[in-house]
Engineer: 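One structure follows; several queries about it will come next.
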Amino acid sequence: MKHFYLPFEKKEGFNYSHESIEQLTEYEKYQLSFHPERPKHLDYLTVFDEAEECLQNDLHGSCIIQTHRAVLRNGQNAWWPVMLIGQQSGPTSDFAQMLRLMKNPEEIAKWNQGMPTPAAFEKAIQAIALAEQENRIIITVIDTAGADPTEQSEAGGIAWKIGRCMQALGEAKVPTLSVIINRGCSGGAIALTGCDAVLAMEYSTYMVISPEACSSILFRTREKAGFAAEISRITAKDALQNGIIDDIIIEHEGPAHHFPKSALQSFKGAMTKWVEKLSLTPASEIFAKRMERWENIGKWDTISEEEILAFEKPVSFFIQKPERILFVARHKHCRDSTGRTILDPVLYSKLFADNFVCETCGHRYVRLTAHDYIDLVLDEGSFTEHPETRYIVDKDILDFPDYRKKITEAQQKTGAASSLITGNATIQGEPVVFCATNFNFLGGSFCMSTAEKVWRASKIAIARGVPLVIQATGGGARMHEGCSSMVGLPKLHVAISSVEKAGLPVITIITDPTLGGVAIGIGSRGIKLFEHNAGNIGFSGKRVIEQYTGQPTTKAFQTTWWLQQKGFVEKTALPGNMKYKISEIIQSARAL
């Protein structure tokens with residue numbers, strides 16, 4: 001078979017014109033974005049001169065991110081040295097050749113279904129540093145179905161590697177440019193799209209989660225993937241309208257897989273235009289310009305004080321010590337390793353020492369609220385919410401089914417306007433800016449309002465000259481806001497970097513759960529203080545990994561203890577002892 005055809009390509013009357021493609025469903029446009037014959041990164045590499053591969057290694061999945069020194073020329077007199085960091089989702093765009101290669105099991109394993117591993121992201125981090133050393137403009141080329149969802153990658157610290165990529169781009173001393181050429185999905189894409197400008201090929205897609213996965217989570221079936229694609233607004237045109245990309249590279253003659261020469265010419269023209277523009281920024285102004293860009297990214301609503309008072313209340317899930325007895329009731333469905341049901345009550349002092357985790361089966365009795373962490377970590381009565389963030393609430397930019405209703409229900413349930421609360425406080429007498437997250441507000445999922453609140457809290461910390469302390473929890477980026485929620489992650493990284501550049505400590509309290517967008521954002525930054533006996537800490541959730549691999553994860557997977565064995569945890573504390581640990585960290589930072 002020489003060529004591959006999607007079902008709609010075989011329909012009578014389809015002719016690859018812009019009009020024909022506009023008539024496709026949103027899901028068909030999604031399929032088009034990762035057509036196996038669309039040009040890949042190495043195809044676009046041909047528009048550059050003097051391309052030289054660097055940082056090559058044989059580590060698993062490393063080939064999925066390719067790194068090249070190169071020169072971009074515009075005529076004989078204009079040229080710019082660049083560092084290309086490109087996601088190569090497969091060995092080739094030649095379908096016949098790919099079929100031959102994929103008959104080799106080793107070749108299949110090597111390309112890992114186009115999903116970058118920790119080794120791939122580490123290569124990107126090294127390439128960013130090398131570009132700074134050699135004063136090369138960084139161009140990232142995006143083409144991925146997402147980061148590798150396996151226990152092996154979790155053990156390699158994939159969440160922290162993705163976060164480090166975003167941090168490195170946010171702090172880069174050279175201009176940065178990103179281009180989405182095919183499909184840009186989830187953490188694999190956002191790792192390298194937090195740049196000074198983001199472009200997208202006309203028929204590419206950009207999304208927080210695949211339509212299939214979105215459908216599975218929200219509707220408990222993958223059969224509504226078409227509807228999920230429609231409501232998530234994942235096309236390049238949608239991304240431009242929502243303000244999360246800066247420009248579209250028009251595929252003038254038609255889709256790039258059918259007209260590759262034309263697509264490469266358009267790509268070259270866009271690169272020349274934007275690289276020339278970015279190169280004009282003096283090195284001393286690059287980070288300031290970056291701050292200006294990200295300050296304008298994101299959409300949110302505001303509400304009045306009267307509206308807040310209608311639902312505002314302190315909500316606590318902390319299990320208090322019984323007054324007269326020593327025991328509390330055991331949770332339902334507790335079973336030991338043999339499958340035997342356990343009904344005995346639990347000694348409260350033991351449960352408290354284990355941070356409310358059952359020692360028999362690992363079940364967490366309770367996840368604490370933002371108000372609980374405010375009470376446990378901060379000096380009594382010292383917290384004052386920031387008026388700059390108090391009135392910010394989530395915006396339903398996609399008109400997502402039932403999203404407004406879910407926000408209202410979450411506000412009533414948690415007594416808070418949104419999932420993140422920020423304010424001024426003291427810890428053991430030390431003034432801080434404190435940010436607390438409510439897991440019970442739509443799973444603490446990362447969204448545009450969270451990014452904006454952390455942005456403003458960071459500015460307040462700098463103005464006051466005090467440490468920034470953030471309690472992180474959440475199950476990922478919020479699907480209800482589409483890719484816009486995920487695009488807040490680079491904004492958060494730039495904000496936190498600005499605090500660190502001001503010489504102020506950033507301390508992150510990592511609690512159960514800290515996954516996906518929360519992990520690669522807040523959870524990957526600052527001096528990390530892990531909650532004792534916490535679980536579900538990493539990039540991909542346990543259920544996702546087990547479904548993908550078909551294998552159970554190991555015992556204690558993604559717990560604080562497991563991460564400690566992998567070398568990712570240095571500081572731990574029970575919630576009630578965190579204030580003392582944080583005070584020590586602040587005092588140590590001051591002494592440096």
Side-chain angles (χ1 to χ4, degrees), residues 47-52 54 67-86 124-142 164-179 190-200 243-247 249 267-298 451 455-456 458-459 461-463 465 487-504 506 525:
V47 308
F48 298 90
D49 294 322
E50 302 173 34
E52 172 195 1
C54 56
T67 50
H68 292 79
R69 295 183 182 92
V71 171
L72 176 64
R73 296 189 186 278
N74 183 23
Q76 293 186 351
N77 299 321
W79 59 278
W80 302 271
V82 298
M83 174 64 73
L84 294 165
I85 305 173
I125 294 165
Q126 293 172 10
I128 294 166
L130 188 58
E132 290 180 307
Q133 293 171 20
E134 299 179 356
N135 195 30
R136 294 176 177 271
I137 294 174
I138 294 169
I139 301 176
T140 68
V141 182
I142 309 303
R164 184 69 187 92
C165 278
M166 284 189 278
Q167 179 183 353
L169 287 172
E171 296 177 355
K173 298 174 183 176
V174 295
T176 60
L177 175 65
S178 183
V179 192
I190 202 61
L192 294 173
T193 47
C195 293
D196 298 329
V198 181
L199 317 180
I244 59 176
I245 66 170
D246 298 278
D247 203 0
I249 303 174
F267 178 89
K268 173 73 178 286
M271 291 301 95
T272 301
K273 169 188 169 183
W274 281 91
V275 167
E276 182 175 20
K277 180 179 178 180
L278 292 171
S279 69
L280 299 176
T281 304
S284 60
E285 298 178 14
I286 286 175
F287 189 75
K289 289 283 188 183
R290 204 165 280 152
M291 288 286 290
E292 289 177 14
R293 165 187 165 77
W294 288 104
E295 185 151 30
N296 296 317
I297 297 291
W455 182 272
R456 297 190 186 190
S458 298
K459 294 179 76 171
I462 293 170
V487 170
L489 289 166
K491 178 172 184 169
L492 175 142
H493 277 278
V494 171
I496 292 176
S497 292
S498 71
V499 178
E500 293 176 335
K501 282 178 176 288
L504 300 168
V506 176
R525 293 304 301 268

Engineer: With sequence neighbours left out, what residues match K501 under side-chain hydrogen bond (donor to acceptor under 3.5 Å, both in side chains)?
Structural biologist: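 K501 satisfies side-chain hydrogen bond (donor to acceptor under 3.5 Å, both in side chains) with no residue once adjacent residues are dropped.
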
Engineer: Keeping to residues at least two apart or across chains, list the salt bridge (Lys or Arg N to Asp or Glu O under 4.0 Å) pairs with something in residues 278-290.
Structural biologist: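 As it turns out, the salt bridge (Lys or Arg N to Asp or Glu O under 4.0 Å) pairs with a partner in residues 278-290, which skip direct neighbours, are D196-R290.
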
Engineer: Quick one: closest heavy-atom pair of A127 and T67, and the distance?
Structural biologist: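 So the minimum-distance heavy-atom pair works out to CB-CG2, 3.6 Å.
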
Engineer: Hey, are the side chains of K268 and L72 touching, using non-hydrogen atoms and a 4.5 Å cut-off?
Structural biologist: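 K268 vs L72: side chains touch.
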
Engineer: Does any N or O in the side chain of R69 come within less than 3.5 Å of the main-chain N or O of E50, such that one atom is a donor and the other an acceptor?
Structural biologist: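 No, the answer is negative, given that no donor and acceptor are paired below the 3.5 Å cut-off.
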
Engineer: Testing T176, I85, I138 one by one against L192 for a side-chain contact (heavy atoms from CB on, under 4.5 Å), which residue passes?
Structural biologist: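 One option only clears the test, and that one is I85.
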
Engineer: Which heavy atom in G488 sits nearest to a heavy atom in A451, and how many Å separate them?
Structural biologist: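 Nearest pair, atom of G488 first, then A451: O-CB, 3.5 Å.
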
Engineer: Do L177 and C195 make a side-chain contact, defined as non-hydrogen atoms from C-beta onward lying under 4.5 Å apart?
Structural biologist: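 They are not in contact (no side-chain heavy atoms under 4.5 Å apart), so the answer is no.
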
Engineer: To check you understand the geometry: which heavy-atom pair defines the closest contact between C165 and I128, and what is its length?
Structural biologist: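 Of all heavy-atom pairs spanning C165 and I128, the closest is O-CD1, 4.1 Å.
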
Engineer: Tell me whether K491 contacts the main-chain N or O of I297 through its side chain, where contact means a donor paired with an acceptor under 3.5 Å.
Structural biologist: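 Checking the backbone N and O of I297 against the side chain of K491, a donor-acceptor pair under 3.5 Å is found.
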
Engineer: A side-chain contact here means heavy atoms from C-beta on lying under 4.5 Å apart; do S498 and M291 qualify?
Structural biologist: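 A side-chain contact exists here, since the closest heavy-atom pair is under 4.5 Å.
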
Engineer: Donor-acceptor pairs are to be reported for all side-chain atoms of residues 275-282 against protein atoms at under 3.5 Å, with residues two or more places apart or in another chain.
Structural biologist:
{"unit_1": "S279", "atom_1": "OG", "unit_2": "W80", "atom_2": "NE1", "d": "3.4"}
{"unit_1": "S279", "atom_1": "OG", "unit_2": "V275", "atom_2": "O", "d": "3.3"}
{"unit_1": "S279", "atom_1": "OG", "unit_2": "E276", "atom_2": "O", "d": "2.7"}

Engineer: Check step by step if side-chain contact (heavy atoms from CB on, under 4.5 Å) holds for L199 and F267.
Structural biologist: CA-CA 10 Å; L199 317 180; F267 178 89; over 6 Å; no

Engineer: May I ask you to test the M271-F48 pair for a side-chain heavy-atom distance under 4.5 Å?
Structural biologist: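 Answer yes - side chains close enough.
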
Engineer: Do W79 and D49 touch side chain to side chain, with heavy atoms closer than 4.5 Å?
Structural biologist: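 No, side chains not in contact.
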
Engineer: Hey, does P81 have a side-chain heavy atom less than 4.5 Å from the side chain of N135?
Structural biologist: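 They are not in side-chain contact.
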
Engineer: For the pair M83 and C54, evaluate side-chain contact (heavy atoms from CB on, under 4.5 Å) and give the outcome as yes or no after the intermediate values.
Structural biologist: CA-CA 10 Å; M83 174 64 73; C54 56; 4.0 Å; yes

Engineer: Find the distance between CD (Q167) and CG (L492) and round it off to the nearest 0.5 Å.
Structural biologist: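 The distance works out to 11.0 Å.
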
Engineer: Below 4.5 Å, heavy atoms only, C-beta onward: do Q133 and L130 meet side chain to side chain?
Structural biologist: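 Of all side-chain heavy-atom pairs linking L130 with Q133, at least one is under 4.5 Å.
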
Engineer: How close do I286 and A172 get, counting heavy atoms only, and between which atoms?
Structural biologist: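 In this case the closest contact between I286 and A172 is CG2-O, 3.8 Å.
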
Engineer: Indicate the atoms forming the closest heavy-atom contact of K273 with D247, along with that distance.
Structural biologist: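 Scanning both residues, the minimum pair turns out to be NZ-OD2, 3.3 Å.
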
Engineer: Please test V82 against I137 for side-chain contact (heavy atoms from CB on, under 4.5 Å), starting from the C-alpha separation and ending with a verdict.
Structural biologist: CA-CA 5 Å; V82 298; I137 294 174; 4.3 Å; yes

Engineer: Please round to the nearest 0.5 Å and tell me the distance separating atom CD1 of I496 and atom NE2 of H493.
Structural biologist: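 Atom-to-atom, I496:CD1 and H493:NE2 are 7.0 Å apart.
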
Engineer: On a heavy-atom basis, which atom in R525 and which in S497 lie closest, and how many Å separate them?
Structural biologist: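 Scanning both residues, the minimum pair turns out to be NH2-OG, 3.2 Å.
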
Engineer: Without swapping roles, check the side chain of R136 against the backbone of A70 for a donor-acceptor pair under 3.5 Å.
Structural biologist: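 Side chain of R136 to backbone of A70: a pair is present.
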
Engineer: Donor-acceptor pair, D246 side chain versus V198 backbone, under 3.5 Å?
Structural biologist: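 Answer holds: yes.
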
Engineer: Which value, rounded to the nearest 0.5 Å, describes the distance between M166 atom CE and T193 atom OG1?
Structural biologist: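 If I round to the nearest 0.5 Å, the distance is 8.0 Å.
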
